[in-house]
There are 2 protein chains.
Amino acid sequence: MNVRSEDLTARARIRDAAVARFGRDGFRAPVRTIAQDAGVSAGLVIHHFGSKDALRAACDEHVLTVIREQKSAAITQASPAETIGLLATVREYAPLFAYIVRSLLDGGEVAAHFVDGLVDDAAAYLAAGEAAGTIRPSVDPPGRARQVIATQMGLLVLAQLDAAAGRGTAPTEDPGTAIEELTSRSMLAGLELYTHGLFTDTGYLDAYQHFRQDKEKP
Amino acid sequence: MNVRSEDLTARARIRDAAVARFGRDGFRAPVRTIAQDAGVSAGLVIHHFGSKDALRAACDEHVLTVIREQKSAAITQASPAETIGLLATVREYAPLFAYIVRSLLDGGEVAAHFVDGLVDDAAAYLAAGEAAGTIRPSVDPPGRARQVIATQMGLLVLAQLDAAAGRGTAPTEDPGTAIEELTSRSMLAGLELYTHGLFTDTGYLDAYQHFRQDKEKP
DNA sequence: GCCACGGCTGAACACGCGTTTAACGTAGTG
DNA sequence: CACTACGTTAAACGCGTGTTCAGCCGTGGC
């Protein structure tokens, strides 16, 4: 995704085409279609990767490494303003996100590991913020990290849904458009939620804690 | 799902079997498998529903109506304690949720409509809570509703992921187990988040609002 | 100049799966 | 009793698709 195709090796071109096509159409996308996207024959895809499953595994690995690099690049910029500024570049990686959503939806073990990684990272970020005083302490840090990641995944799924249903300006055309639209639609509310909360009092929280106590001691 | 199979009409038995099988294995599940689950032949499935797609449409409609009924039943109980009490019954409808997740993941237009309904409902609930004084006012009510629903969807997807990866006590066996485990793992953190928020100050929120202003007026 | 070799192709094969079809049994009806 | 209608089934058809195979073509070595 960094290099602008063309003079890439055929194998890499196939891989990139597969990531894009899988992200757009899901893993049901025929090998022949991917081959056509990459400008090669279907046989060559198999010749290079052995099987469609192996191709998908290669895509998984590739996406994971790219995301990991990008993540470690983002980790160096910690201030709120700079983190927000990363939004401008989100369009660049839209196909990657689309692929991840597809992988999630497919329910592969790889996706589960990937989410685990995200949750762990989020837990680390939150702990760091907690230490720095910008994040409130939690009674259940891992649960909170999971909650945060679930929200992000849910937003991605919703964006994917909108794109598939032909909402937005560009129907199904560019996955980046849907994600961009989604962020502009949900970011403010999300930050507001994370800043001020949702409830005015502790009624629900108290009720749940009582419910849990009753459950353990009937 | 209400009646305990057995003396159901074959058509209904097929539909229920399809909901369960689709929810468990996804829509790739062969018609023959569904037929076997329902104790009938593959041809009868087509004979009753016309095609696999039509069967899926019937499942969509059925699940939607059941959920709608359940939702309108839940709407009458408004207090925090009673809403929490609904958790106890979540297991009952686990196959429905599994089906919805599958439908979401498949990205059909029906799923998009379904999510739209959820978002609208959430917006109504939140507005009601706002009027009642239990929910904080928002600068972007629709966005907040979408955020809340996205979180729920994300949690369902994560539960589905865990189940597929064989986490939890029962590997892939019972979708209810995974959801129950998920709620017990995330509910506390979620309520905490919704009660107290995440950030200690308004830094991120301010930064994003400035970012937006700069974007509109460069 | 020629030979080998690896990237590459198009056609053919194999198979899973949705759907069709012909037939069978049974209940209701005249 | 015959006859129709309908629920039901097993076998067959056809299509989409992953994969294999035999061969082509350009390039580098001898």
Side-chain angles (χ1 to χ4, degrees), chain A residues 3 5-62 99 102-103 105-110 164 172, chain B residues 3 5-62 99 102-103 105-110 164 172:
Chain A
V3 195
S5 356
E6 296 306 326
D7 48 15
L8 278 177
T9 165
R11 188 187 155 92
R13 231 173 34 215
I14 293 172
R15 168 173 44 66
D16 287 356
V19 168
R21 181 54 68 174
F22 281 151
R24 181 176 299 272
D25 296 353
F27 294 104
R28 283 176 289 187
V31 172
R32 293 180 226 269
T33 305
I34 296 168
Q36 195 174 347
D37 290 348
V40 298
S41 73
L44 190 64
V45 176
I46 303 298
H47 175 250
H48 274 307
F49 293 92
S51 74
K52 187 183 181 179
D53 280 345
L55 168 63
R56 190 192 154 175
C59 289
D60 278 334
E61 194 188 337
H62 179 244
Y99 181 91
R102 260 21 234 246
S103 182
L105 306 195
D106 196 65
E109 199 175 341
V110 185
T172 319
Chain B
V3 197
S5 349
E6 294 308 325
D7 48 14
L8 277 177
T9 166
R11 187 187 156 94
R13 232 174 33 218
I14 293 172
R15 168 174 41 69
D16 287 356
V19 168
R21 180 56 67 176
F22 281 150
R24 182 176 299 274
D25 296 352
F27 294 103
R28 282 176 291 185
V31 173
R32 293 181 226 271
T33 305
I34 296 168
Q36 196 174 346
D37 290 348
V40 298
S41 73
L44 191 63
V45 176
I46 302 297
H47 175 250
H48 274 307
F49 294 92
S51 74
K52 187 182 183 181
D53 281 345
L55 168 63
R56 192 193 152 175
C59 290
D60 279 333
E61 194 188 338
H62 179 244
Y99 181 90
R102 262 18 236 249
S103 181
L105 307 195
D106 195 65
E109 199 175 340
V110 184
T172 318

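Within every chain, numbering begins at 1; the chains are lettered A, B, ... in the order of the sequence lines, protein sequences first and strands thereafter.
- Residue B:His47 places no side-chain N or O under 4.0 Å from the OP1 or OP2 atom of D:dC6.
- With contacts defined as side-chain heavy-atom distances shorter than 4.5 Å, the pair A:Val40/A:His48 does not qualify.
- Remark: B:Arg102 fails to qualify as a cation-pi partner of B:Phe27 under the 6.0 Å distance and 45° angle criteria applied to the six-membered ring.
- If you measure from atom CG of A:Asp53 to atom P of D:dT17, you get 16 Å, rounded to the nearest angstrom.
- Across A:Arg32, A:Arg24, A:Arg21, a single residue satisfies side-chain hydrogen bond (donor to acceptor under 3.5 Å, both in side chains) together with A:Asp37, and that is A:Arg21.
- Ring planes of A:Phe22 and A:Tyr99: tilted class, angle from 30 to 60°.
- A straight line from CD of A:Gln36 to P of D:dG16 spans 15 Å, rounded to a whole angstrom.
- What separates CD1 of B:Ile46 from C1' of D:dA11 is a distance of 15 Å, to the nearest Å.
- In this structure, of D:dT17, D:dT20, D:dT9, it is D:dT9 that holds the atom nearest to the side chain of B:Val40.
- Atom CZ of A:Phe49 and atom P of D:dG18 are 15 Å apart (whole Å).
- Separating the NE2 atom of B:His48 from the C1' atom of D:dT8 is a distance of 8 Å, rounded to the nearest angstrom.
- In this structure the side chain of A:Arg28 reaches within 4.5 angstrom of the side chain of B:Asp106, judged on heavy atoms.
- As rounded to whole Å, 11 Å separates atom P of D:dT17 from atom CG of A:Asp25.
- Taking the side chain as every heavy atom from C-beta outward, B:Arg56 and B:Phe49 never approach each other to under 4.5 Å.
- Looking at which nucleotide of DNA chain C each of A:Gly43 and A:Arg32 is closest to, the 5′-most match is held by A:Gly43.
- Protein chain B touches strand DNA chain C; the 5'-most and 3'-most nucleotides with an atom under 4.0 angstrom of its non-hydrogen atoms are C:dC17 to C:dT20.
- One can place CG of A:Leu44 at 14 Å from C1' of D:dC25, the figure rounded to the nearest angstrom.
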